[in-house]
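Take a look at the structure set out below.
What's counted below: heavy atoms across the whole structure, side chains too, no hydrogens, waters or symmetry copies. Just so we're on the same page: letters track the sequence lines, and every chain starts at 1.
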Amino acid sequence: VTTTDKSAYGIPPSVRTEALEQLLTERGLVDSKAVDAIITTYESNVGPLNGAKVIAKAWTDPEYRRWLLDDGTAAIRELGFIGLQTEHVVVVENTATSHHVVVCTLCSCYPWQLLGLPPSWYKVPAYRARMVKEPRKVLSEMGLELAADVQITVHDSSSEVRWLVLPERPASTEGLSAEQLVPLITRDAMVGVAKVAAP
Amino acid sequence: MRIDKSDVMDGIADMGGTEGWGPTHPPRIDEPVFEEPWEGRAFALTLLSLRLAGWNVDAFRHAEERLDRRAYLGDGYYGRLLNAAELVLTESGVLAPSAIEARARNLCGEPVEEPPLPQPAKSYYAPTAEGSLRTIDATPAFAVGERVRAKNESLAGHTRLARYVRGHTGVVVAIQPASVLPDTNAHFLGENPQFVYSVRFDSSELWGADAEPFAVTIEMFESYLEKTT
């Protein structure tokens, strides 16, 4: 196994990051403004709100829902959320009897344009290792208890195909508009480790 | 640039089904995108470094896989990106192998001499299109509903043929668009686009009769699969 210089790891990553930025900027290879712009994009512009808009539209527009489940990429492209790390999307629907949940066992592949950068729980080895072996137990540890008769399907994102879960719409939200539904829809529900709670 | 293919992928990154990681925990409410400022800068510098070196996402994933256990796990997800970006920049001749460490020690008030600039070794990689999806003039070798077996082989270099499905039999549930083959693209040996299949495996096939009842789907490149008859 090759590696970078091991002795460097005695230095905190914050300092090594600063060193890297200096080395690249002082030669004009990278502009710190470009670094700032990328951070702003992923802190403020790209996040689970995008995915929530897709789900709220599907919950309130039966034709869009059919399109989304039939050709997720095309339906999501219409809302503008196809791009880096989100080239091709398959949408799967959670129901009272069928539960879908997404993992990446080989790295941390995740639909950036729909959900932003992955949360810490998605990236930890315990989640990556165990979700494909004992999903019911993992979901329980994470706070989601599923009835024994619910069929679980785990989707391991091993290629550039990205998976998005269409969560169950909670009862008692029938009267709400798409705009009112958006804030209820969480990242965790769109990956399949939680349900959407009624307001 | 050519990278030695002797580094097999069956290392720490291939985590599916491995033991010893402890429990998972409920998601934190309102977790920030970047816990600490350096994490955002490491993420952005990683994206910019890949562009600078002319590396593709598959080559980057292989760089992550070649990190040792400490470099892969020790500084968390963004530390892993930082360490892999360092590997990319040193292998492509943008930075000398000890450049980051030397600068970091100087930043810590420990004066050390910094290494001279290395010879640039920019990759010859030239993608034929943006992203990974490609249109190919071929017919899928497998059909939806067909039983297929994931090849039981441990490949040298990068692969997305996860260990836990090797040798196991599943059913094709969807044919996905053709995509660049990571196994060759990661080594700048060509895109070799091929069809990708979502294959469904029963938990009992993967983990035995005592496993929780569930199914896994995983995307398999065409060359990872074989007929069952």
Study note, to complete from the structure: Between A104(B) and R16(A) the two heavy atoms that sit nearest each other are CB-CG, 4.1 Å

Practice item. Against chain A, label E114(B) side chain, backbone, both or neither, depending on which of its atoms sit under 4.5 Å from a heavy atom there. Key: side chain

Review point. So what's closer than 4.5 Å to chain B heavy atoms on L29(A): side chain, backbone, both or neither?
Key: both

Check your understanding: Closest approach of G22(B) and A126(A), non-hydrogen atoms and distance?
Key -> O-CB, 3.5 Å

Practice item. Name the region of I39(A), side chain, backbone, both or neither, that has any atom closer than 4.5 Å to a heavy atom of chain B. Key: both

Exercise for review: Could you give me the CA-CA distance, side-chain angles and deciding distance for Y164(B) and D156(A), then say whether side-chain contact (heavy atoms from CB on, under 4.5 Å) is met?
Suggested key: CA-CA 11 Å; Y164(B) 75 94; D156(A) 187 354; 2.6 Å; yes

Check your understanding: Quick one: are S159(A) and F221(B) in side-chain contact, heavy atoms under 4.5 Å?
Key -> yes

Exercise for review: Could you tell me whether the side chains of E31(B) and S120(A) share a donor-acceptor contact shorter than 3.5 Å?
Suggested key: yes

Point to revise | 4.5 Å side-chain heavy-atom contact, T17(A) and Y78(B) | key: no

Check your understanding: Measuring heavy-atom distances to chain B, does V138(A) have an atom under 4.5 Å in its side chain, in its backbone, in both, or in neither?
Key -> both

Exercise for review: For the pair R61(B) and E160(A), find out whether any cationic side-chain nitrogen is under 4.0 Å from an anionic carboxylate oxygen.
Suggested key: yes

Check your understanding: What's the shortest heavy-atom distance between K133(A) and F214(B), and which atoms?
Key -> O-CE2, 3.5 Å

Practice item. Using non-hydrogen atoms and a 4.5 Å limit, figure out which bit of V101(A) sits close to chain B: side chain, backbone, both or neither. Key: neither

Practice item. Could you have a look at V103(A), D188(A), V193(A) and say which one has the most heavy-atom pairs with chain B under 4.5 angstrom? Key: D188(A)

Check your understanding: Between A19(A) and I100(B), what is the shortest heavy-atom contact and its length?
Key -> CB-O, 3.7 Å

Check your understanding: Is there side-chain contact between E219(B) and W163(A), with heavy atoms separated by less than 4.5 Å?
Key -> yes

**Study point:** Nearest heavy atoms of L20(A) and L95(B), plus distance in Å
**Key:** CD1-CD1, 3.7 Å

